[in-house]
Structure formats: structure tokens, C-alpha cells
There are 2 protein chains.
Amino acid sequence: MKSRGMPTIGQRNRLQYIILGLLNQHPQTGYDLAKAFENEIGEFWQAQHSQIYPMLKRLEAAGEISHEDTVTGEKLAKKKYTLTSAGREKLVTWVSQPSPELTPSKDEFILKLYFIKTANDPRIQPMLREQYQLHQSQLHHLQQRQETVFPNQKAIDQAYGHYLILDHAIERESHYVEWLAQYLEK
Amino acid sequence: MKSRGMPTIGQRNRLQYIILGLLNQHPQTGYDLAKAFENEIGEFWQAQHSQIYPMLKRLEAAGEISHEDTVTGEKLAKKKYTLTSAGREKLVTWVSQPSPELTPSKDEFILKLYFIKTANDPRIQPMLREQYQLHQSQLHHLQQRQETVFPNQKAIDQAYGHYLILDHAIERESHYVEWLAQYLEK
DNA sequence: TCAAAGCATGTAATTAATTACATGTTCGTT
DNA sequence: AACGAACATGTAATTAATTACATGCTTTGA
């Protein structure tokens with residue numbers, strides 16, 4: 001049974017939890033959140049501001065976050081959102097829940113490969129080269145970010161989860177590149 | 001400018017191309033396609049029958065596939081779909097196109113990890129163990145499929161793309177498991 | 001001082017995807 | 001002969017996600 005007029009957010013909607021998690025790190029604006037989806041978690045999830053702002057309103061209506069109005073300069077209005085205790089509880093519950101699902105990777109290149117029948121198809125090598133370039137440069141990008149964000153042990157200790165997922169992403173890209181190289185003709 | 005009444009399918013909608021690719025391998029029914037999304041390409045894309053049947057109608061309306069009615073037993077009606085030459089052309093165009101996009105992996109476990117701040121958080125080890133189990137068993141599953149689907153070189157030569165992506169998936173899971181093991185406490 | 005890039009927030013329209021609803025047949029096993 | 005699993009096809013309702021529309025302020029550098 002669903003109550004009238006009050007739309008609820010589905011259990012499986014992960015965006016809400018990601019926003020709660022980001023706000024738990026420190027209070028920030030919708031704009032800041034949108035940046036985070038381009039940078040540190042862009043490897044793992046993406047969301048546009050047009051999805052973020054409505055979600056902030058829903059979470060606030062649900063009493064899981066609250067905002068404070070601030071002004072930059074003369075009149076640029078910002079809304080800095082903070083977790084409420086209900087929001088923090090919901091976040092903890094989510095993180096503590098098991099994650100028994102394998103999500104499909106949705107890699108378009110891999111899909112295309114699947115539809116190529118023979119090893120001597122002339123399209124294979126150019127495709128491999130393109131992906132090699134792409135993932136090689138992504139690997140470099142991630143490695144550089146690791147150097148700047150985690151220059152010492154202290155930085156790692158202060159954001160251990162962030163360190164872990166960046167390390168994971170680097171390993172993943174690194175092996176992807178190796179896999180491609182294995183099938184690349186010299 | 002968009003013509004009235006005739007909804008078109010977006011360029012970026014990949015489901016249509018996957019269906020074209022599957023039908024190019026051999027004519028089959030919507031039910032068969034739904035099975036394929038659970039098995040051989042389930043690692044890379046998923047679609048429910050409720051998404052597949054409408055898409056088949058749209059592709060047929062667009063003249064890219066056509067169907068033939070067949071009957072199994074007394075009266076079980078099936079629709080066996082085949083690519084038209086327009087559909088084959090569209091498929092070839094898609095495969096030949098560059099794929100310069102990095103798709104986020106949407107791994108819920110990784111997202112949860114990101115929100116854990118310190119290395120001694122008691123939730124980390126149980127989470128790692130759960131994922132280790134999950135990916136270990138997925139790895140076994142993939143390896144078994146490789147053995148049954150590609151028992152010899154001839155099988156590989158006849159479905160080279162399929163072989164490549166299965167190999168890729170196995171490598172990926174294998175390294176994922178290694179990565180997890182590296183952070184697991186003995 | 002002016003222009004461009006970036007900061008900041010929103011809504012509308014559309015499309016993609018999931019979940020639920022709905023129905024009927026065939027095959028294999030007990 | 002009866003039952004359950006698998007075959008087979010669809011639609012409806014809902015939710016998630018993308019793309020487009022829309023507006024205004026601030027900072028930086030030429």
C-alpha cells in the first residue's frame with residue numbers, strides 16, 4: 001500500500017545514498033555535489049545537476065537533510081546542505097546492508113566486439129587501438145590524481161575509502177590496458 | 001525537427017543495436033533474446049522482456065527487422081525475427097563507429113567503500129569477504145562457461161568476438177578477486 | 001572594462017529501464 | 001493424469017536518467 005500524494009523514493013535508488021554519503025563528508029551545495037560526480041566518484045556513478053537538485057528537495061522533504069542559505073559576494077545565493085540524524089542513520093543502514101548484486105558493465109566497445117565473428121575481421125585491430133589509447137590515458141589521469149590527492153600516508157588514513165576505490169579504479173584500468181595489449185598486433 | 005506521431009529511437013539507445021547484433025547471429029524470438037541477456041551478454045548488458053518486445057516492434061516498424069510466425073506443438077505461436085538489409089547496414093555502421101566513452105561501473109560495493117573513512121572501520125572486512133565470495137563464484141561460473149562453450153580452437157574461431165568478451169570478463173573477475181584478497185586480513 | 005569561464009539553481013520534456021500485471025502453451029517428470 | 005518448470009508474448013505503471021530549456025551572479029584574465 002502506497003500513501004497518496006507523497007511520492008517515496010525507491011529502495012534501490014542509489015543516488016539518494018550517494019548524496020547522503022557525500023554530504024556526510026562535509027556540508028555542501030548541489031553544485032558541489034555535481035562536481036563530485038564528475039571527479040572523485042565519476043568512475044563509479046554519474047548524475048547531472050538536473051537529477052541532483054530535485055533529489056535534494058526530496059531528501060529534505062523526507063527530513064534526511066536540511067539546508068542553510070548563504071550568500072557569496074553581493075547576492076549569489078547558495079544552499080549548503082547538511083545531513084540530519086535521520087539521514088545519517090539511513091546512510092549507515094545502507095552501507096551495512098549486503099551488496100549481493102553483480103551489475104553489468106555496459107561497455108559499448110565490448111558489446112561491439114561480441115558481434116564480430118572472426119579473428120581476422122579487419123575492424124578488430126583499429127578498435128583495439130582506439131580503446132588502448134582511451135584506457136591508457138584514463139589510467140594516466142587516475143594515477144596523477146592518486147599522486148595529488150594521496151601524497152602521503154596521512155592523506156590515505158584520512159580518506160581510506162576514497163583511497164581504496166581510487167586504487168581499485170587504477171588496477172582495473174591497468175588490467176584493461178594489459179588485456180587489450182595482449183590482443184594488439186605489433 | 002521531429003516528425004509528428006512517429007517516435008524515433010535515440011542514437012544512443014544501445015539496446016536496439018544489441019538486438020540487431022543478436023538477430024544477425026541467427027533469427028530468433030523475443031524470448032530467445034531475453035535468454036541471451038541473462039546468459040552470454042548478461043555480464044555486459046541486461047534487458048527484460050518488457051523492454052525487448054516493444055523494441056522489436058519499433059525495429060520492425062522502422063524496417064530493420066521482420067518476423068515470421070511459426071507454431072510449436074498445436075498452437076504455441078512464436079515470432080522469429082530476422083534482420084533486413086537495412087538492419088544489417090545499421091548494425092555495421094554502429095560497430096564501425098568509434099566508442100570514445102568511459103561508462104561508470106556502478107558497483108554498489110565500491111560506492112559503499114568510498115564512504116568509509118578509516119582503515120580500522122569494523123565494517124570493511126565483512127564487506128570484503130562478502131564481495132570475495134560473490135566474485136569468486138562468478139569467476140568460477142565464467143570459467144565453466146568458457147570450458148563448455150569453447151572446448152576447442154574451432155569453437156573459438158567460429159565465435160571469436162564471443163570468445164574475446166568471455167575472456168575479458170574472466171580476466172576482469174580474476175583481477176577483482178585478487179584486488180579484494182590483497183586487502184583481506186588472514 | 002569587457003568578455004569568457006565558471007559558479008549557482010532550478011524546471012520541462014523526453015527517453016530508458018524496472019517492476020508489476022496479465023495470459024496462455026508445452027514439455028518433462030512423477 | 002496431474003503438476004511444475006520453462007516457453008512464449010504482451011501491456012501498464014512507475015521510476016531513473018538524460019537532454020534541453022532557462023536564468024542570473026562572480027571571478028579571472030586579456
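With values rounded to the nearest 0.5 angstrom, A:F150 atom CZ is found 11.0 Å from A:Y160 atom OH.
The aromatic rings of B:Y176 and B:F109 sit tilted, their planes meeting at an angle between 30° and 60°. Ring planes of B:H67 and B:Y81: tilted class, angle from 30 to 60°.
Rounded to an integer number of Å, the gap from CZ of A:R14 to C1' of C:dA17 is 13 Å. For A:F37 and D:dA16, the CZ to P distance is 14 Å, given to the nearest whole Å. To the nearest angstrom, C1' of C:dC21 lies 17 Å from CD of B:Q51. As rounded to whole Å, 11 Å separates atom P of C:dC7 from atom OH of A:Y53. A straight line from NZ of B:K57 to P of D:dT11 spans 4 Å, rounded to a whole angstrom. In this structure, B:E38 places its CD atom 11 Å from C1' of D:dA6, rounding to the nearest Å. Rounded to an integer number of Å, the gap from CG of A:D32 to P of C:dG10 is 13 Å. Going from atom CD of A:E68 over to atom P of C:dA8 covers 15 Å, rounded to whole Å.
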Under a 4.0 Å heavy-atom criterion, the protein footprint on nucleotides 25-30 of chain C, written with B, S and -, is SS----
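Looking at the side chain of B:S50, the nearest of the listed nucleotides D:dA17, C:dA17, C:dA20 is C:dA20. Among the nucleotides C:dA8, C:dG10, D:dG10, the one closest to any side-chain atom of A:T29 is C:dA8. Distance from the side chain of A:R58 is smallest for D:dA16 among the nucleotides D:dA16, C:dA16, D:dA20. Residue B:K78 has its side chain nearest to D:dA8 when only D:dA8, C:dA16, D:dT9 are considered.
Partner of A:E43 under the side chain to side chain donor-acceptor pair (under 3.5 Å) criterion, out of A:Q138, A:H168, A:R145: A:Q138 alone.
The pair B:E60-B:K79 does not meet the salt-bridge criterion, since no charged nitrogen lies less than 4.0 angstrom from a carboxylate oxygen.
In terms of phosphate contacts, B:K35 brings no side-chain nitrogen or oxygen within less than 4.0 Å of OP1 or OP2 of D:dA6. Remark: B:K106 is not in phosphate contact with D:dA16, judged by side-chain N or O atoms under 4.0 Å from OP1 or OP2. In terms of phosphate contacts, B:Y31 brings no side-chain nitrogen or oxygen within less than 4.0 Å of OP1 or OP2 of D:dT9.
Residues B:D107 and B:S105 have side chains that never bring a donor and an acceptor to within less than 3.5 angstrom of each other.
Between B:I18 and B:F37 there is a side-chain heavy-atom pair separated by less than 4.5 Å.
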